[in-house]
Amino acid sequence: MATRLMMLLGMIALCMSGVAGQYNYDEVLEKSILFYEAERSGDLPANNRIPYRGDSALGDQGNQGQDLTGGWYDAGDHVKFGFPMAFATTTLAWGILEFRDGYEAAGQYNLALDSIRWTLNYFLKAHVSDNEFYGQVGDANTDHAWWGRPEDMTMERPAWSISPSAPGSDLAAETAAALAAGYLVFRDLDAAFANNLLAHSRTLYDFALNNRGIYSQSISNAAGFYASSAYEDELAWGAAWLYRATGEQEYLDRAYEFGTTTNTAWAYDWNEKIVGYQLLLTTSAGQTDFLPRVENFLRNWFPGGSVQYTPLGLAWLAQWGPNRYAANAAFIALVSAKYNILASESEQFARSQIHYMLGDAGRSYVVGFGNNPPQQPHHRSSSCPDQPAECDWDEFNQPGPNYQILYGALVGGPDQNDQFEDLRSDYVRNEVATDYNAGFQGAVAALRAIQLRDGK
């Protein structure tokens, strides 16, 4: 009760001080997409908009020499972790599908398409045969022991795949979801590309279904960073997306086989897709069996639910990346609101969470945006001075701002008392990641779409 009162008083004080209010969603969307461009690996296009980034990791290849260039670096490091990359791509594609009008109003729709096309093309490369998919490039331990530009990397970058003898149903089915969602985004824009995505999605889903296993037990190098807890949710999630893409009953049957109508999700994130498929099947397939679980999830996140709140109003689930969890929940809430699921409460909740991150708590948590944004994100390439100056652990340890501005990146966030220190060394609160921005960006596009709806 005391915490709720503190939160209410804090929000009242912020509103009276004029800190709380409207934000330029167009600018936020523009900068979030720039963040994803800053995370690109491989041969960058001629229209690269990140001046401090160049071609990198051009030797990334599979064990038989397959081309594995491209994709995104995961966070402040230079590993290409396929599992969170696929989740981020699926979530971004979902946001583009649901809130295209928000992207278009911001003038960012085509750039958003380019953003996910980059990883979708990488997944096509990584799917080297029907029953083999490369899920990681770069040794995470070796990578994390080095600080510098990706353009300057010289260490070996091994690659790991899943196969019938080293299965990864979760990774394969999440990637199938990303490809199916990508098909839906591009089918009326680039039919040949879209049809290729759908064909690979089907094959990857069959591979996931017929070769059961947890990917991080097969790719052990990922286990210390993105260990998966189960694969059933991804099998339901991938099936739900394939059902939306094809309307084929087989996929709906699979979604019911592996999904749950009785369990309420803890979160929506790279590891847990339960509320994702529950909401997708409710909204796009009319499967009302899942609706009570979606509503329970939302109520858990609303004020007064099971998720605790900071005094200034962040729904704070966990120490590592609380902004990410709240932003993802806000995205789920805004998709729900679009389909009239607890619409008023969902919009109010989501707006409060995104606005907290944009500045309602007295500071911005988005690099290069708003009042007092983070200046020292835990991120290698943006910490480096312009080339050809050297970049190493001296830049990590220097006390000033990063030399480059990592526009649009959402940092991990504060502790449960709204305390936050902008330190490059704090990879818990001040790191960035491609999965952190995915739900956040979709939620901002949704808020922009709501402005259009309301004539603002």
Side-chain angles (χ1 to χ4, degrees), residues 24 26-60 69-81 84-85 88-89 92 96 103 106-122 137-138 143 146-153 157 364-370 373-392 395-396 398 400-411 424 430-438 440-441 444:
N24 186 337
D26 295 1
E27 181 186 351
V28 180
L29 285 172
E30 177 186 20
K31 289 180 174 177
S32 182
I33 292 169
L34 283 172
F35 164 65
Y36 283 105
E37 293 180 16
E39 293 300 279
R40 284 177 171 175
S41 178
D43 184 5
L44 299 188
N47 65 352
N48 169 42
R49 298 189 294 165
I50 311 300
Y52 60 90
R53 286 298 328 280
D55 298 344
S56 63
L58 297 180
D60 283 359
T69 58
W72 290 328
Y73 297 124
D74 176 60
D77 56 2
H78 301 132
V79 184
K80 298 193 297 199
F81 287 110
M85 192 193 306
T89 302
L92 288 167
I96 292 169
Y103 278 105
Q108 298 299 310
Y109 180 65
N110 288 329
L111 290 162
L113 297 180
D114 289 345
S115 180
I116 62 168
R117 189 188 281 266
W118 189 263
T119 46
L120 291 169
N121 274 322
Y122 172 73
V137 180
D143 180 276
W146 182 81
W147 193 272
R149 301 181 188 87
E151 295 81 5
D152 296 340
M153 288 188 296
R157 288 175 58 81
S364 168
Y365 286 96
V366 178
V367 179
F369 175 84
Q375 296 185 354
Q376 291 192 31
H378 180 92
H379 184 263
R380 284 163 174 76
S381 63
S382 67
S383 78
C384 294
D386 291 341
Q387 296 187 43
E390 290 189 10
C391 184
D392 55 25
E395 278 61 50
F396 172 83
Q398 68 93 5
N402 286 14
Y403 285 98
Q404 318 294 341
I405 300 175
L406 186 65
Y407 286 108
L410 178 72
V411 300
R424 190 177 303 109
N430 219 27
E431 190 161 15
V432 301
T434 55
D435 70 294
Y436 283 19
N437 266 68
F440 170 77
Q441 183 175 306
V444 174

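Residue indices begin at 1 and follow the sequence shown.
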Quick one: does any side-chain atom of [X] pair with a main-chain N or O of [Y] as donor and acceptor, under 3.5 Å?
| X | Y | result |
| --- | --- | --- |
| Asn437 | Ala409 | no |
| Asp77 | Ala75 | yes |
| Lys31 | Val367 | no |
| Arg380 | Gly148 | no |
| Thr89 | Met85 | yes |

- Task: Under the side-chain hydrogen bond (donor to acceptor under 3.5 Å, both in side chains) rule, what do Arg53 and Asn48 come out as? Steps first, then yes or no, please.
- Result: CA-CA 8 Å; Arg53 286 298 328 280; Asn48 169 42; over 6 Å; no
Distance only, no hydrogens: is a donor on one side chain within 3.5 Å (strictly under) of an acceptor on the other, for [X] and [Y]?
| X | Y | answer |
| --- | --- | --- |
| Glu395 | Asn402 | no |
| Tyr73 | Ser381 | no |
| Tyr103 | Gln441 | yes |

- Task: Determine the interplanar angle of the Trp72 and Tyr36 rings, folded into 0 to 90°, and report it as parallel if under 30°, tilted if 30 to 60°, perpendicular if over 60°.
- Result: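 Judged by the thresholds at 30° and 60°, the geometry between Trp72 and Tyr36 is tilted.
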[atom2] on [Y] to [atom1] on [X], rounded to 0.5 Å:
| X | Y | atom1 | atom2 | value |
| --- | --- | --- | --- | --- |
| Asp114 | Gln108 | CG | CD | 11.0 Å |
| Gln404 | Ile50 | CD | CD1 | 10.0 Å |
| Leu111 | Ile116 | CG | CD1 | 12.5 Å |

- Query: More than 12 non-hydrogen atoms from neighbouring residues, nucleotides or ligands closer than 6.0 Å to CD on Glu390, yes or no?
  - Reply: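 No, CD of Glu390 has 12 or fewer neighbouring heavy atoms, counting only those of other groups under 6.0 Å.
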